[in-house]
Amino acid sequence: MSVSQNNIALTERLKNIRLLVLDVDGVMTDGGLTIGDDGQEYKTFHAHDGLGMKLLKATGVNLAIITGRTSEVVKKRAESTGVAHFYQGAEDKLAALQDLIKLSGLEAAQCAFMGDDVVDLPPMLNCGLAIAVPDSPDLLLKHAHYVTQKKGGRGAVREVCELIMQAQGTFDGQMARFLTQASISN
């Protein structure tokens with residue numbers, strides 16, 4: 001398949017997305033786990049990713065998180081970015097995705113799953129768009145429809161949000177309000 005055919009196929013997949021499902025560690029964060037002496041877990045999220053998630057949600061594409069870990073800080077991040085569906089402590093991410101698809105009334109082809117490790121492979125293989133970050137294991141990269149240019153926790157989620165908006169023709173509308181505000185203040 002030529003590059004242009006690959007781009008056309010990717011664009012068609014992106015146009016169909018109504019739900020973006022994200023893993024956390026290694027996707028929304030850089031994968032580092034910081035745990036204090038008191039057992040408290042700390043995570044660092046990228047501000048660009050958060051705004052990208054809010055902008056995508058404003059276009060009518062819903063957001064979900066499926067993560068194997070349990071963390072209060074991730075719950076707070078989900079709430080602050082408008083994540084509609086939040087599954088934590090999900091040992092079987094495919095079962096969580098299937099539950100989410102059934103709950104949302106969507107078809108698997110309308111869902112994208114973004115992961116970074118082999119535990120994310122089952123849900124990635126059972127959705128319309130499988131997305132990996134560049135430092136994922138080779139097996140994941142081999143099965144991804146799209147590999148982000150940016151690393152997890154470093155703008156990868158924003159990159160995907162913008163790709164979806166661009167394919168669906170909503171990106172310019174989301175950016176227009178910022179351009180309008182900029183022209184008013186000049």
Side-chain angles (χ1 to χ4, degrees), residues 1 3 5-33 43 45-46 49 52-53 56-57 61-71 74 77-78 81 83-168:
M1 194 180 303
V3 172
Q5 288 173 319
N6 284 335
N7 288 339
I8 292 169
L10 176 61
T11 299
E12 289 306 311
R13 287 179 187 276
L14 289 162
K15 284 180 182 179
N16 290 327
I17 300 305
R18 305 306 315 145
L19 176 68
L20 174 60
V21 184
L22 305 166
D23 176 39
V24 176
D25 296 319
V27 172
M28 294 177 68
T29 73
D30 66 4
L33 299 174
K43 297 182 185 290
F45 300 96
H46 200 293
D49 290 343
M53 292 166 69
L56 182 63
K57 183 171 174 57
V61 175
N62 279 318
L63 302 163
I65 290 174
I66 298 177
T67 179
R69 300 180 61 81
T70 301
S71 170
V74 175
R77 183 64 169 167
T81 54
V83 170
H85 308 282
F86 181 59
Y87 294 75
Q88 59 177 337
E91 291 184 28
D92 184 344
K93 292 184 179 186
L94 177 57
L97 176 67
Q98 290 169 332
D99 180 62
L100 181 55
I101 290 170
K102 184 178 179 182
L103 177 70
S104 65
L106 296 173
E107 296 178 18
Q110 296 174 295
C111 301
F113 191 96
M114 186 171 176
D116 75 307
D117 210 340
V118 294
V119 297
D120 300 316
L121 195 53
M124 287 174 64
L125 292 174
N126 285 277
C127 66
L129 179 61
I131 305 163
V133 293
D135 51 352
S136 299
D138 289 341
L139 182 62
L140 206 70
L141 297 173
K142 177 182 173 185
H143 290 284
H145 298 115
Y146 181 77
V147 177
T148 62
Q149 293 178 17
K150 298 188 184 228
K151 291 185 176 184
R154 300 285 183 248
V157 173
R158 174 67 167 270
E159 178 182 332
V160 169
C161 291
E162 289 188 3
L163 277 175
I164 294 169
M165 289 187 288
Q166 289 167 349
Q168 294 181 359

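Along the sequence shown, residues are numbered consecutively beginning with 1.
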Chemist: Hey, could you give me the CG/CZ distance between L163 and R13, rounded to the nearest 0.5 Å?
Modeler: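 The distance works out to 14.0 Å.
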
Chemist: Shortest non-hydrogen contact from D120 to G115?
Modeler: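 What the structure gives for the nearest pair is OD2-CA, 3.4 Å.
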
Chemist: So, D30 and K151, do they make that salt bridge, N to O below 4.0 Å?
Modeler: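 Salt bridge between D30 and K151, a charged N being under 4.0 Å from a carboxylate O: no.
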
Chemist: N126 versus F113: any side-chain heavy-atom pair under 4.5 Å?
Modeler: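 Side-chain contact under 4.5 Å: no.
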
Chemist: Could you go through the side chain to side chain contact (heavy atoms under 4.5 Å, CB included) check for V24 and R69 one step at a time?
Modeler: CA-CA 9 Å; V24 176; R69 300 180 61 81; over 6 Å; no

Chemist: Going by heavy atoms in the side chains, are L121 and H143 under 4.5 Å from each other?
Modeler: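 Yes, their side chains come closer than 4.5 Å.
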
Chemist: Is F45 close to V74 at the side-chain level, that is, under 4.5 Å between some pair of heavy atoms?
Modeler: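 SC-SC contact between V74 and F45 confirmed.
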
Chemist: Does any non-hydrogen side-chain atom of R158 lie less than 4.5 Å from one of K150?
Modeler: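 Of all side-chain heavy-atom pairs linking R158 with K150, none is under 4.5 Å.
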
Chemist: Would a 4.5 Å heavy-atom cut-off, applied to side chains only, mark I65 and R77 as touching?
Modeler: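 A side-chain contact is absent here, since even the closest heavy-atom pair is not under 4.5 Å.
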
Chemist: Looking at A95 and D92, what are the two nearest heavy atoms and their distance?
Modeler: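 Looking at all heavy atoms of both residues, the closest pair is N-OD1, 3.0 Å.
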
Chemist: Which heavy atom in L100 sits nearest to a heavy atom in A64, and how many Å separate them?
Modeler: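 Here L100 and A64 meet closest at CD2-CB, 3.5 Å.
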
Chemist: Find the distance between CG (D25) and OG (S71) and round it off to the nearest 0.5 Å.
Modeler: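 It comes to 8.0 Å.
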
Chemist: Under a 4.5 Å cut-off applied to non-hydrogen side-chain atoms, are I101 and C111 in contact?
Modeler: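 Yes - at least one pair of side-chain heavy atoms lies under 4.5 Å apart.
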
Chemist: Give me the one residue out of L14, T11, I17, N16 that meets side-chain contact (heavy atoms from CB on, under 4.5 Å) with Q168.
Modeler: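 So, applying the side-chain contact (heavy atoms from CB on, under 4.5 Å) to Q168 and each of L14, T11, I17, N16, only I17 qualifies.
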
Chemist: Would you compute the distance between atom CG of L129 and atom CG of L19 and round it to the nearest 0.5 angstrom?
Modeler: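 Answer rounded to 0.5 Å: 11.5 Å.
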
Chemist: Are there more than 12 heavy atoms of other residues, nucleotides or ligands under 6.0 Å from atom CD of Q166?
Modeler: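 Check passes, neighbour count above 12.
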
Chemist: Kindly compute the distance separating CG (L20) from SG (C127), expressed to the nearest 0.5 Å.
Modeler: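 So the gap between those two atoms works out to 9.5 Å.
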
Chemist: Between CZ of R18 and CD of E107, what distance do you get to the nearest 0.5 Å?
Modeler: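 Spacing of CZ (R18) from CD (E107) equals 12.5 Å.
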
Chemist: For G153, is there any backbone N or O sitting under 3.5 Å from a side-chain donor or acceptor partner on H46?
Modeler: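 Answer holds: no.
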
Chemist: Looking only at heavy atoms, which two atoms of I164 and L56 are closest? And how far apart?
Modeler: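 Scanning both residues completely, I find the closest heavy atoms to be CG2-CD1, 3.7 Å.
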
Chemist: Is the backbone N or O of G52 less than 3.5 Å from a side-chain atom of E162, with the two atoms forming a donor-acceptor pair by type?
Modeler: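 Flag not set: sc E162 to bb G52 has no pair under 3.5 Å.
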
Chemist: So, taking the atom named OG1 in T148 and the one named CD in E159, what distance separates them when rounded to the nearest 0.5 Å?
Modeler: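 Here the rounded value is 5.0 Å.
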
Chemist: Are side-chain heavy atoms of D23 and T67 found at a separation under 4.5 Å?
Modeler: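 Answer yes - side chains close enough.
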
Chemist: Is it the case that over 12 heavy atoms from other parts of the model lie below 6.0 angstrom from the NZ atom of K57?
Modeler: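 It does: K57 NZ has more than 12 such atoms within range.
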
Chemist: Got a donor-acceptor contact below 3.5 angstrom from the D116 side chain to the V133 backbone?
Modeler: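 Side chain of D116 to backbone of V133, a donor-acceptor pair under 3.5 Å: no, none is there.
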
Chemist: Check whether any side-chain heavy atom of V157 lies under 4.5 Å from a side-chain heavy atom of M53, and answer yes or no.
Modeler: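 Yes, close enough: below the 4.5 Å cut-off.
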
Chemist: Should L33 and K43 be marked as a side chain to side chain contact (heavy atoms under 4.5 Å, CB included) after you check the CA-CA gap, both sets of side-chain angles, and the distance that decides it?
Modeler: CA-CA 7 Å; L33 299 174; K43 297 182 185 290; 3.6 Å; yes

Chemist: Taking all non-hydrogen atoms of both residues into account, name the closest pair between P137 and D117 and its distance.
Modeler: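 Minimum heavy-atom contact is CG-OD1, 3.3 Å.
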
